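Every chain is numbered from 1, with letters handed out A, B, ... down the list of sequences. Both backbone and side-chain heavy atoms feed into the values below; hydrogens, waters and symmetry mates do not. Treat the numbers as computed from the prediction; the structure is a model and nothing was measured.
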Amino acid sequence: MKLLPQSWYARPTVQVAQELLGKLLVREVNGVRLTGIIIETEAYIADDPACHAFKGKAARNQALFGPVGHTYVYFTYGMHFCINIVTREPSVIAGGVLIRALKPIEGLELMGRNRPGHSDANLTSGPGKLTQALDITRADGSIDVTKKGELYIVEGIEVNPADIRATPRIGISTGKDKLWRFTF
DNA sequence: CACCCGATTATCT
DNA sequence: GATAATCGGGTGT
């Protein structure tokens with residue numbers, strides 16, 4: 001499995017959001033490997049009222065302004081973590097791609113233990129669920145996913161661009177007119 | 001299957 | 001004090 005160079009993430013956020021579909025998110029902790037195919041993403045950039053970075057730099061969202069190819073993990077609704085990959089072209093000040101869903105490939109047993117009482121189909125079928133299944137927390141913010149480590153992304157399956165569907169993003173109150181949620 | 005709501009807390013007004 | 005890039009359980013059709 002091949003890692004993607006940092007330059008791959010230094011391209012327009014909306015384009016990378018689509019190309020992340022089919023890639024593999026790999027979590028390695030305590031010698032156990034958890035893997036899933038990325039099947040749903042959403043793009044967020046600074047020039048977009050729905051983006052956490054829209055109102056400027058703050059303690060919570062600083063990672064969105066940081067180096068591309070790193071993670072941005074935030075905590076929301078008092079109980080959920082969500083993970084983004086920082087991605088943007090050089091002329092854009094901040095931006096990232098929210099990973100909304102995975103298809104579990106490897107390490108189903110541990111994912112199930114991280115989410116007791118749930119069937120395989122419900123392990124990673126939402127942004128808050130997949131972080132729980134992969135045991136991703138605040139501590140996993142600002143990790144470089146272009147290098148093998150506790151958390152990284154490698155090439156996965158080929159996705160036919162014709163199979164990619166663009167729809168409005170979920171759960172936001174502004175910026176609903178943009179079709180920046182991608183599934184295949 | 002559609003809608004409604006409570007849980008729980010960081011962040012902002 | 002209100003809101004939030006959510007989830008899961010409940011109720012009603």
Can you check the [X] [atom1] to [N] [atom2] distance for me, whole Å?
X	N	atom1	atom2	result
A/Tyr72	C/dA5	OH	P	9 Å
A/His80	C/dA5	NE2	P	13 Å
A/Lys57	B/dT11	NZ	C1'	18 Å
A/Tyr77	C/dA5	OH	P	6 Å

May I ask you to say what [X] touches in the nucleic acid, namely base, sugar-phosphate or nothing, with a heavy-atom cut-off under 4.0 Å?
X	result
A/Ile170	sugar-phosphate
A/Arg60	sugar-phosphate
A/Ala59	nothing
A/Arg115	sugar-phosphate

Side-chain donor/acceptor of A/Tyr74 to base of B/dA10, under 3.5 Å: no
side-chain contact (heavy atoms from CB on, under 4.5 Å) between A/Leu134 and A/Leu25: does it pass, once the steps are laid out? CA-CA 10 Å; A/Leu134 300 197; A/Leu25 181 65; 3.8 Å; yes
Which residues in residues 124-144 of chain A have at least one heavy atom lying under 4.0 Å from any atom of DNA chain C? A/Gly126, A/Pro127, A/Gly128, A/Lys129
By nearest nucleotide on DNA chain B, pick out whichever of A/Met79 and A/Lys55 is the more 5' one. A/Met79
Just name whichever nucleotide pairs with C/dG9, Watson-Crick or G-U, keeping both distances under 3.5 Å, else none.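 Its partner is B/dC4 (Watson-Crick or G-U wobble, both distances under 3.5 Å).
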With under 30° as parallel and over 60° as perpendicular, where do the rings of A/Tyr74 and A/His52 fit, or are they tilted in between?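 A/Tyr74 vs A/His52 ring planes: perpendicular.
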More than 12 heavy atoms of other residues, nucleotides or ligands under 6.0 Å from CG of A/Asp177: is that the case? yes
